[in-house]
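Report on the structure given below.
Chain letters run A, B, ... following the sequence lines, proteins first and then strands; every chain starts at 1.
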Protein chains: 2
Amino acid sequence: MDQLSRTFAALADPTRRDLVARLSAGDASVAELAAPYAMSLQAVSKHVAVLERAGLVSKRRDAQRRPVHLEAEVLAPVTDWLELYRRRAEDRFQRLDEVLAELAADEAYPQTAVFARPPRNTRPEGTNR
Amino acid sequence: MDQLSRTFAALADPTRRDLVARLSAGDASVAELAAPYAMSLQAVSKHVAVLERAGLVSKRRDAQRRPVHLEAEVLAPVTDWLELYRRRAEDRFQRLDEVLAELAADEAYPQTAVFARPPRNTRPEGTNR
DNA sequence: CGCATAATCAACCATTTGGTTGACGACGGG
DNA sequence: CCCGTCGTCAACCAAATGGTTGATTATGCG
């Protein structure tokens, strides 16, 4: 699994998002993290391990405790990905010449609408597994 | 499953992210979307359904075709969530008085480090399922 | 009408996921 | 030294995921 998939998957769980939220306020041990939840310590330990595999979190070593630290900078690429395609879609939506082109296309192919015009650009990123 | 989890989960798959990327360039039918992949049309249809359940995509109706349209605005809450906690972590990292407070705490509780000080704020968002 | 195309539905399968309980290893305090 | 705490490892389980094939439903074209 690629990095971006691991990160999105890690954040797709409400418990793990809550862990990230709490860790944004400061480091915490696994036991401290586990306390509020109605689930076993082992389950929380697994959640932390998922965050760690995604690079979202790291563990120090302090006696028996393993203080967990949020690596907030790895959130940036995720934001970047989201913003790239959100902006791309909105830019396209707002461009006037595009709208005019669609009108022209509607005249040329009245029954097959906009989407059916000759393909323009497909697969901006090669990302099939 | 909550909205944010559905969105993150939808984007955790490379094929689905590729679909979003391609749809950011314009609407496309399911068959058009399926063409580049080494998988069945039904599989792609399922992927589109996942995106639709997450609200990332909508389908129009045009004869037999179901042109798929990217609803880019639902990406915004995801970006907002990410930026909130990234910024919170970085702000904390940069605040000088925080650093001084940690030093003071280290003197008060020498063996139990920073993370073990009296809890400050836990659970900014109630999000355990 | 009858056929080809677009898409979904349905059943099935293998793998992953999120949780459990139980056992174990590492460490520090009395 | 021994006990209690912190954390992980291992095995297990139910449910969700990502794919398959086969059948079914709409729709437009000749």
query = Between Arg88(A) (side chain) and Ala21(B) (backbone), is there a donor-acceptor pair under 3.5 Å?
reply = no
When rounded to whole Å, the CG to C1' distance for the pair Leu51(B) and dT8(C) reads 16 Å
Donor-acceptor pair, side chain of Arg66(A) and main chain of Val30(A), under 3.5 angstrom: no
Here the distance between atom P of dT17(C) and atom CG of Asp13(A), to the nearest Å, is 11 Å
Given protein heavy atoms under 4.0 Å, the one-letter contact record of nucleotides 3-14 of chain D, with B base, S sugar-phosphate only and - none, is simply -BBSBBB-B---
Could you go through the side-chain hydrogen bond (donor to acceptor under 3.5 Å, both in side chains) check for Thr79(B) and Glu83(A) one step at a time?
CA-CA 8 Å; Thr79(B) 303; Glu83(A) 282 305 281; 3.3 Å; yes
For the pair Arg87(B) and Glu90(B), find out whether any cationic side-chain nitrogen is under 4.0 Å from an anionic carboxylate oxygen. no
In whole angstroms, the gap separating P of dT17(C) from CZ of Arg6(A) amounts to 11 Å
Report task. Walk me through it: do Ser5(A) and Arg17(B) pass the test side-chain hydrogen bond (donor to acceptor under 3.5 Å, both in side chains)? Result -> CA-CA 9 Å; Ser5(A) 295; Arg17(B) 279 200 309 283; 3.0 Å; yes
Could you check whether Asp27(A) pairs with Lys59(A) (Lys NZ or Arg NE/NH1/NH2 to Asp/Glu carboxylate O, under 4.0 Å)? no
Of Ser40(A) and Met1(A), the one whose closest nucleotide on DNA chain C sits nearer the 5' end is Met1(A)
Testing dT20(C), dC27(C), dG19(D) for proximity to the side chain of Met39(A), the answer is dT20(C)
